[in-house]
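Report on the following structure.
So you know, we letter chains A, B, ... as the sequences are listed, proteins then strands, and number each from 1.
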Protein chains: 2
Amino acid sequence: MFHPADPYNMNCPSRDLLDLIGGKWAILILCCLQQGPVRTGALMRQVGGISQKMLTQTLRDLEQAGFVERISHPEVPPRVEYRLTDLGRSLSDLARTIEQWVVAHYPVIMGRRERHGPGVDPAEG
Amino acid sequence: MFHPADPYNMNCPSRDLLDLIGGKWAILILCCLQQGPVRTGALMRQVGGISQKMLTQTLRDLEQAGFVERISHPEVPPRVEYRLTDLGRSLSDLARTIEQWVVAHYPVIMGRRERHGPGVDPAEG
DNA sequence: CAGAATCCACTACGATACTG
DNA sequence: CAGTATCGTAGTGGATTCTG
């Protein structure tokens, strides 16, 4: 039995989970995998700007946490696919919600940024 | 008018937004602010482990993005509150969803971790 | 009490080279 | 094609100090 999760407590392991979700690539990868199993190379191409290292590393992290499953086909040349687990599917729904929120609110936020400038603006009061 | 947001494109500014949301502290802070305006010191105490620097910095980032509003009361000693904007309220709903997902699935993930060895551990490079 | 400024350890991440 | 290993660097973020 575990203590209930408390992300406000710095020693609670749920913080790690929050960090994984909040990582630079996890959300995008999880969203890609919603369509079904995807090959490594395809992921590489879909997630713009990700390096081979970070792709592998993030996939390993997601695998460790039980969100994705690695499927290695015994072929030459190698063919590896990644697929969401049930838990991962649940999380990827969340990931897509996040992504969609960003896409939906992007124009408003960018509009604001243009008016206020991307630089530091003095505190008004 | 802007191009539509495309987080899969590494040059799309929506990436920044994703990074802000995914930052180490933003989600927790946004959740705290859901109750209404909160003072700096109260935030400091609620979000376990945050440093004064990171609290201020994250609040500035959230402020600049238009998610929170800084309310400085002309008193001595100083009293400053932070309050969600309408846009911020929308985002904080999302933040709460994330937080709740983590809390809800925490036991399953921790259970897995016990059986499969340490899972989400940023320190294992 | 709020927060800016400085210092600095750590690590996240990219680039590159190499293996099967 | 998928993945590992190594190295260099920019950025993150904590501890501390200083201001009004």
Side-chain angles (χ1 to χ4, degrees), chain A residues 9-11 15-16 18-29 32-33 37-64 68-83 118-125, chain B residues 10-11 15-16 18-29 32-33 37-64 68-83 118 120-125:
Chain A
N9 178 355
M10 64 179 296
N11 296 125
R15 277 281 176 89
D16 298 340
L18 227 34
D19 288 345
L20 174 57
I21 298 172
K24 200 172 179 181
W25 305 109
I27 289 176
L28 293 173
I29 290 176
C32 285
L33 294 178
V38 182
R39 292 190 62 172
T40 312
L43 281 173
M44 194 78 167
R45 267 170 269 118
Q46 284 180 56
V47 182
I50 195 171
S51 64
Q52 196 274 324
K53 174 182 173 180
M54 285 316 294
L55 177 58
T56 303
Q57 188 174 304
T58 306
L59 284 169
R60 293 288 168 276
D61 290 343
L62 293 173
E63 193 186 354
Q64 279 281 333
V68 308
E69 198 178 356
R70 182 179 182 275
I71 308 162
S72 175
H73 298 86
E75 302 172 4
V76 152
R79 188 171 112 246
V80 175
E81 290 178 310
Y82 292 89
R83 172 171 53 180
V120 199
D121 52 344
E124 59 237 72
Chain B
M10 65 179 296
N11 296 123
R15 277 281 176 90
D16 299 340
L18 225 36
D19 289 345
L20 174 57
I21 298 172
K24 199 172 180 180
W25 305 108
I27 289 176
L28 293 174
I29 290 176
C32 285
L33 294 179
V38 182
R39 292 190 62 171
T40 312
L43 281 174
M44 194 78 166
R45 269 171 268 118
Q46 284 181 56
V47 181
I50 196 171
S51 64
Q52 189 269 319
K53 175 183 173 178
M54 286 316 295
L55 178 59
T56 303
Q57 187 173 303
T58 306
L59 284 169
R60 291 291 167 275
D61 291 343
L62 294 173
E63 190 186 358
Q64 196 188 323
V68 308
E69 198 178 359
R70 182 177 182 276
I71 308 162
S72 175
H73 299 85
E75 303 172 2
V76 146
R79 189 172 111 244
V80 174
E81 290 180 309
Y82 291 90
R83 172 171 53 179
V120 190
D121 188 350
E124 69 178 301

Selection from [options] that lies nearest to any side-chain heavy atom of [X]:
{"X": "B/Tyr82", "options": "D/dG3, D/dA15, C/dG3", "value": "C/dG3"}
{"X": "B/Arg70", "options": "D/dG20, C/dG3, D/dG3", "value": "C/dG3"}
{"X": "B/Lys24", "options": "C/dG14, D/dG14, C/dA2", "value": "D/dG14"}
{"X": "B/Gln52", "options": "C/dG14, C/dA4, D/dT4", "value": "C/dA4"}
{"X": "A/Arg39", "options": "D/dG3, D/dA2, D/dA15", "value": "D/dA2"}
{"X": "B/Thr56", "options": "C/dG14, C/dG3, D/dA15", "value": "C/dG3"}
{"X": "A/Trp25", "options": "D/dG14, C/dA4, C/dG14", "value": "C/dG14"}
{"X": "A/Thr40", "options": "C/dG3, D/dG3, D/dT6", "value": "D/dG3"}

> Shortest non-hydrogen contact from B/Ala26 to B/Leu20?
Replying inline: CB-O, 3.3 Å
>> On a heavy-atom basis, which atom in B/Met10 and which in B/Arg15 lie closest, and how many Å separate them?
In response: CA-NH1, 3.4 Å
> Considering heavy-atom distances to DNA chain D, does A/Lys53 or A/Leu59 have its closest nucleotide positioned more toward the 5' end?
Replying inline: A/Leu59
Would you kindly give the [atom1]-to-[atom2] distance between [X] and [N], to the nearest whole Å?
{"X": "B/Ile71", "N": "C/dG3", "atom1": "CD1", "atom2": "P", "value": "12 Å"}
{"X": "A/Asp19", "N": "C/dA12", "atom1": "CG", "atom2": "C1'", "value": "12 Å"}
{"X": "B/Glu81", "N": "C/dG3", "atom1": "CD", "atom2": "C1'", "value": "16 Å"}
{"X": "A/Gln57", "N": "C/dG14", "atom1": "CD", "atom2": "C1'", "value": "11 Å"}
{"X": "B/Leu20", "N": "D/dG13", "atom1": "CG", "atom2": "P", "value": "11 Å"}
{"X": "B/Leu55", "N": "D/dT12", "atom1": "CG", "atom2": "P", "value": "17 Å"}
{"X": "A/Arg45", "N": "D/dA2", "atom1": "CZ", "atom2": "C1'", "value": "12 Å"}
{"X": "A/Met44", "N": "D/dA2", "atom1": "CE", "atom2": "P", "value": "10 Å"}

> Which residue lies toward the 5' end of DNA chain C, A/Met54 or A/Pro78, if each is placed at its nearest nucleotide?
Replying inline: A/Met54
> For the atom pair CZ (A/Arg45) and CZ (A/Arg39), what is the distance rounded to the nearest 0.5 Å?
Replying inline: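 Going from CZ on A/Arg45 over to CZ on A/Arg39, the span is 8.5 Å.
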Show me, pair by pair, the donor-acceptor contacts under 3.5 angstrom made by side chains of residues 47-54 of chain A, not counting sequence neighbours?
{"from": "A/Ser51", "atom 1": "OG", "to": "A/Met54", "atom 2": "N", "distance (Å)": "3.2"}
{"from": "A/Gln52", "atom 1": "NE2", "to": "A/Thr56", "atom 2": "OG1", "distance (Å)": "3.0"}

>> Which residue is it: A/Asp61, A/Val68, A/Leu62? I am looking for the one with a side chain to side chain contact (heavy atoms under 4.5 Å, CB included) to A/Ile29.
In response: A/Leu62
